[in-house]
Amino acid sequence: MSWTDLRSDTVTQPTPAMRRAMMDAEVGDDVYGDDPTVKALEAAAAERLGKEAALFVPSGNFGNQLALLTHCQRGDEVILGDDCHIVWHETGGAALIAGVQLRTVESDRGVMPPDAIRRRIRVGDDIHWPRTGLICVENAHSNGLVIPLSVMAETAALAREHGVPVHLDGARLFNAATHLKVDAKEIAQHADTVMICLSKGLAAPIGSLVAGSADFVARARRNRKLMGGGMRQAGVLAAPGLIALNEMSARLAEDHARARTLAAGLAALPGVAVDLDAVHINLVWFRLPDGVDGAALTAYLLERGIKANPPEDGLMRLATHWQVDDAAVERTLAAMRAFLAG
Ligand SMILES: *Cc1c(COP(=O)(O)O)cnc(C)c1O
């Protein structure tokens, strides 16, 4: 059976071109700085993100934690949204690795109100206070919304005013850039450092990058080794990463269009609630009618070759990506319609 996998964009498999590039990649020992393909990927990412340098890391989670470790001192406070990935989905790593305290701001669907950030910034010499070491923002947010550039700019200005750096979790930065119709660097300019994932909608098998100043990246390179992320002939992974960055980033509008088609089709089903204005990227969130058995729904879809994560509290998420074509969207809508019709 050929599967339609809507669980996430992390399920994307490398494209045929990526597999060929992996086969042919020129490699060396990257811990010695000898891998030309890794170097090419890091240079290309720095260029795309408008930063001096970039560092190849195993995952987005690793990249975020590396940024916290490199920006902060132990005991520092990091200001970030209460619904962000670093708080929710990184295994509490901030306490364990960087040894920092996460000071959350109640996020308004991914937007941290600048006033709320301002009230939490602690700089000065009061011996009771932790030092604010970093502010983290996320764009696109993992709730599927793109944060407006004006909010990014306001947060950056506020941080600069207090001498606090900003880290951007840009796991889906190219989705955000596609939605805003700007270059990724237009978003990244509002942060000192940025993490991007190659292994989500960009379809690389593995890998993320952290970009920033040359000095920051040099310190991050040392910390990457400390965290066990020094990779040897990593050119075999950087080669598909270059295709992800250079080619796959240019086709995300297709995934976004299919997400909108899927969302509109779901909205037309009886009792299904979709906020169509909230479908910015490739993620579609929707609420099922009361009383729907989530486990029965996902089992029904699976029998028809469609993989989906079960709803949580009636809320369900589907993701589009390069392996979800128009026919897959239609098949999914037909299956949902049939299931809900009983
Ligand atoms: C997926 C994701 C990450 C982590 O990426 P992994 O490569 O899965 O570790 C970080 N931040 C956000 C917003 C994400 O969506």
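Order of listing sets the numbers, starting from 1, for every ligand and every atom in it.
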What does the contact table look like for ligand 1 (nitrogen or oxygen on each side, cut-off under 3.5 Å)?
| from | atom 1 | to | atom 2 | distance (Å) |
| --- | --- | --- | --- | --- |
| ligand 1 | 7 (O) | G60 | N | 2.8 |
| ligand 1 | 9 (O) | G60 | N | 3.3 |
| ligand 1 | 9 (O) | N61 | N | 2.8 |
| ligand 1 | 11 (N) | D169 | OD1 | 3.0 |
| ligand 1 | 11 (N) | D169 | OD2 | 2.6 |
| ligand 1 | 15 (O) | R172 | NH1 | 3.2 |
| ligand 1 | 15 (O) | K200 | NZ | 2.6 |

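Checked for salt-bridge contact, R251 and E254 meet the test: a charged N lies under 4.0 Å from a carboxylate O. For D183 and K185, the salt-bridge test fails: no basic side-chain N is under 4.0 Å from an acidic carboxylate O. The pair D326-R258 counts as a salt bridge, with a side-chain nitrogen and a carboxylate oxygen less than 4.0 angstrom apart.
Geometrically, R304 engages Y300 in a cation-pi contact defined by less than 6.0 Å to the ring centre and at most 45° from the axis.
When the options R120, R103, R131 are evaluated for a salt bridge (charged side-chain N to carboxylate O under 4.0 Å, His left out) with E77, the one that passes is R103.
With sequence neighbours excluded, the residues satisfying salt bridge (Lys or Arg N to Asp or Glu O under 4.0 Å) with R109 are D275.
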